[in-house]
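Throughout, protein chains are lettered first and strands after them, A, B, ... in sequence-line order, and every chain is numbered starting at 1.
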Protein chains: 2
Amino acid sequence: MSALDGLEVRRTTTAQQLADGLSERIMAGAFGPGDRLRESAIAAELGVARNTIREAVRILELTGLVRYEVNRGAVVIAPTPEKIEALYTARERLETAAVIRAPRPEQLEAITRAFDEIAEAAAEGDTGRIVDRDLAFHQAIVALLDSTRLDEFFTAMTKELRFYLTVLSKSETPEEVVAQHRVILDAIRLGDHDRAVAEIRAHIDVSVEQLKQLLRR
Amino acid sequence: MSALDGLEVRRTTTAQQLADGLSERIMAGAFGPGDRLRESAIAAELGVARNTIREAVRILELTGLVRYEVNRGAVVIAPTPEKIEALYTARERLETAAVIRAPRPEQLEAITRAFDEIAEAAAEGDTGRIVDRDLAFHQAIVALLDSTRLDEFFTAMTKELRFYLTVLSKSETPEEVVAQHRVILDAIRLGDHDRAVAEIRAHIDVSVEQLKQLLRR
DNA sequence: ATGAGGAAAACTGTAGTACAGTTCAACTGT
DNA sequence: ACAGTTGAACTGTACTACAGTTTTCCTCAT
């Protein structure tokens, strides 16, 4: 334990900090889907130069939360049925590929722990936290693939997912969420790959349908 | 066939064009792995402003060919054994997940065609083209997953892969490449999933080993 | 020669100004 | 109600400037 422990210099750029901050705001719903991020306004409000904002937004683009349109600048991604479908299809492929692998003990433990945290958040009824833990549970499943690249890819998708789930209000009861995840967990623990795959498919189908439903208004 | 077919206005920005151009140069080996992209030099040489280059490089970052380091700017990614391993592991997971699905006729045809093109390029002995078609073959396999998001993800990885394969010179004969892909194709056509998985694993193991070997110098 | 130290040069990160070309919204006359 | 016009608001890009970091290069003691 050094006397300098915890001391750390700024090791990050303004643009990076702005990107992080904006990312947070967007996910919190400060900008609605389809909204444009106006550079001068943001720059003026935060007291930074416009090119710095521009760079921050380019960094944001990495996470997939905004995309650039020529002469219109950065636009917050807007969910469409096709996009949601594409996102969930990718999830389905990854997660089903993951659960047919034999989990190592610590992986199994991580998934179990993730489930417990969902249950805990559900008991408290904190919807925001339920979403977070829900995503963490699925992240733990993808981790079964033992591929850092795929983990990263899933993390990126997670940002979009959380965004959708946050912007569109939720329509499931916490109990339903817990129940759905419990059957997945059970199947994994039992080593019943076929059932795990089936449960994941069912879970994802339900989610897609709910999201589409919410979107239709 | 409209009379206006093919007509298209510029619909792209300078930064985007620069990003494309730089990407090409990097993959062609104009910049070695680990090299820094010096903004002022590039800006001066191409007659554009430095902030435009900066933006172009941020776009480049999207494809994973460069990454930013604080106060050092953009650096061309350098292959390390760990990175190569991570890349190929992700490939392996995707491709094996793909071949256990039953291919639709047009997907099978696409893969077959991709193989034929490998054979064709091999006959000509054009190593650059062999690499391209090799990657296209694997892209066709990943397409079996029917997920545009995963296709895109694989495409991004492909850029890195091609880069490695281009920078590091090749050490396989064209015949070996063709033979390796033929067994994969055969297994897929026969619907023998287990063998297809095994062949893909073998193929990827060989590639990783060769790359690491080349890297050790 | 060689390695340590330190000064200078080269660059990045950021700010700020400017302006042409585009998009968008409000206004106008029909 | 509506097509057309106009002007304001913005984006894309260029240029200049400068503080803070790296990198390079030179010097000096060993």
Atom pairs and distances, donor-acceptor, side-chain atoms in residues 150-159 of chain B, under 3.5 Å, two or more places apart:
| from | atom 1 | to | atom 2 | distance (Å) |
| --- | --- | --- | --- | --- |
| B:Thr155 | OG1 | B:Gln139 | OE1 | 3.4 |
| B:Thr155 | OG1 | B:Gln139 | NE2 | 3.3 |
| B:Thr155 | OG1 | B:Asp151 | O | 2.8 |
| B:Thr158 | OG1 | B:Phe154 | O | 3.0 |

Task: Presence of B:Thr52 side-chain N/O under 4.0 Å of D:dT13 phosphate oxygens OP1/OP2 - done: no
Task: Proximity to the side chain of B:Ser40 - top-ranked nucleotide from C:dA15, D:dC15, C:dT12 - done: C:dT12
Task: Closest-nucleotide ordering on DNA chain C, the 5'-leading residue of B:Leu37 and B:Asn51 - done: B:Leu37
Show me the protein contacts with nucleotides 6-8 of chain D, counting only N or O atoms at under 3.5 Å.
none

Open item on the list: Distance criterion of 3.5 Å, no angle test: do you see the side chain of A:Arg50 paired donor-to-acceptor with the base of D:dT13?
Closed with: yes
Open item on the list: Salt bridge check, B:Arg113 against B:Glu117: does any charged N sit closer than 4.0 Å to a carboxylate O?
Closed with: no
Task: A:Glu176: partners by side-chain contact (heavy atoms from CB on, under 4.5 Å), with sequence neighbours left out - done: A:Glu172, A:Thr173
TODO: Look at all strands and tell whether A:Glu39 reaches a base, only sugar-phosphate, or nothing, counting heavy atoms closer than 4.0 Å.
DONE: sugar-phosphate
Open item on the list: Could you work out, with ring pair (Phe, Tyr, Trp, His ring centres under 6.0 Å) as the rule, every residue matching A:Phe137, not counting sequence neighbours?
Closed with: A:His181
- [ ] Could you name each residue pair satisfying ring-ring contact (aromatic ring centres under 6.0 Å, His included) that touches residues 80-99 of chain A, not counting sequence neighbours?
- [x] none
- [ ] Decide, yes or no, whether a salt bridge links B:Glu61 with A:Arg58 under the criterion of side-chain N to carboxylate O below 4.0 Å.
- [x] no
- [ ] Name the nucleic acid region contacted by A:Glu69, choosing base, sugar-phosphate or nothing; use a 4.0 angstrom heavy-atom cut-off, strictly under.
- [x] sugar-phosphate
TODO: List for me each residue that meets side-chain contact (heavy atoms from CB on, under 4.5 Å) alongside B:Glu92, sequence neighbours excluded, and say none if there are none.
DONE: B:Thr96, B:Arg201, B:Ile204
Could you go through residues 44-51 of chain A and list every donor-acceptor pair under 3.5 Å that involves a side-chain atom there, pairing it with any protein atom two or more places apart or in another chain?
| from | atom 1 | to | atom 2 | distance (Å) |
| --- | --- | --- | --- | --- |
| A:Arg50 | NH1 | A:Glu39 | OE1 | 2.7 |

Got a list of protein N/O to nucleotides 22-25 of chain C N/O distances below 3.5 Å?
| from | atom 1 | to | atom 2 | distance (Å) |
| --- | --- | --- | --- | --- |
| C:dT22 | O3' | A:Asn71 | ND2 | 3.1 |
| C:dT23 | OP1 | B:Arg11 | NH2 | 2.6 |
| C:dC24 | OP1 | A:Arg72 | NE | 2.7 |
| C:dC24 | OP1 | A:Arg72 | NH2 | 3.4 |

Open item on the list: Heavy atoms only, 4.0 Å cut-off, all strands: where does A:Ala15 land among base, sugar-phosphate and nothing?
Closed with: sugar-phosphate
Task: Length of the line joining B:Arg38:CZ and C:dA10:P, which is rounded to integer Å - done: 11 Å
Open item on the list: In this structure, how many angstroms lie between the P atom of D:dT13 and the CD1 atom of B:Ile53, rounded?
Closed with: 11 Å
Task: Counterpart residues, side-chain contact (heavy atoms from CB on, under 4.5 Å), relative to B:Asp116 (two or more places apart) - done: B:Thr112
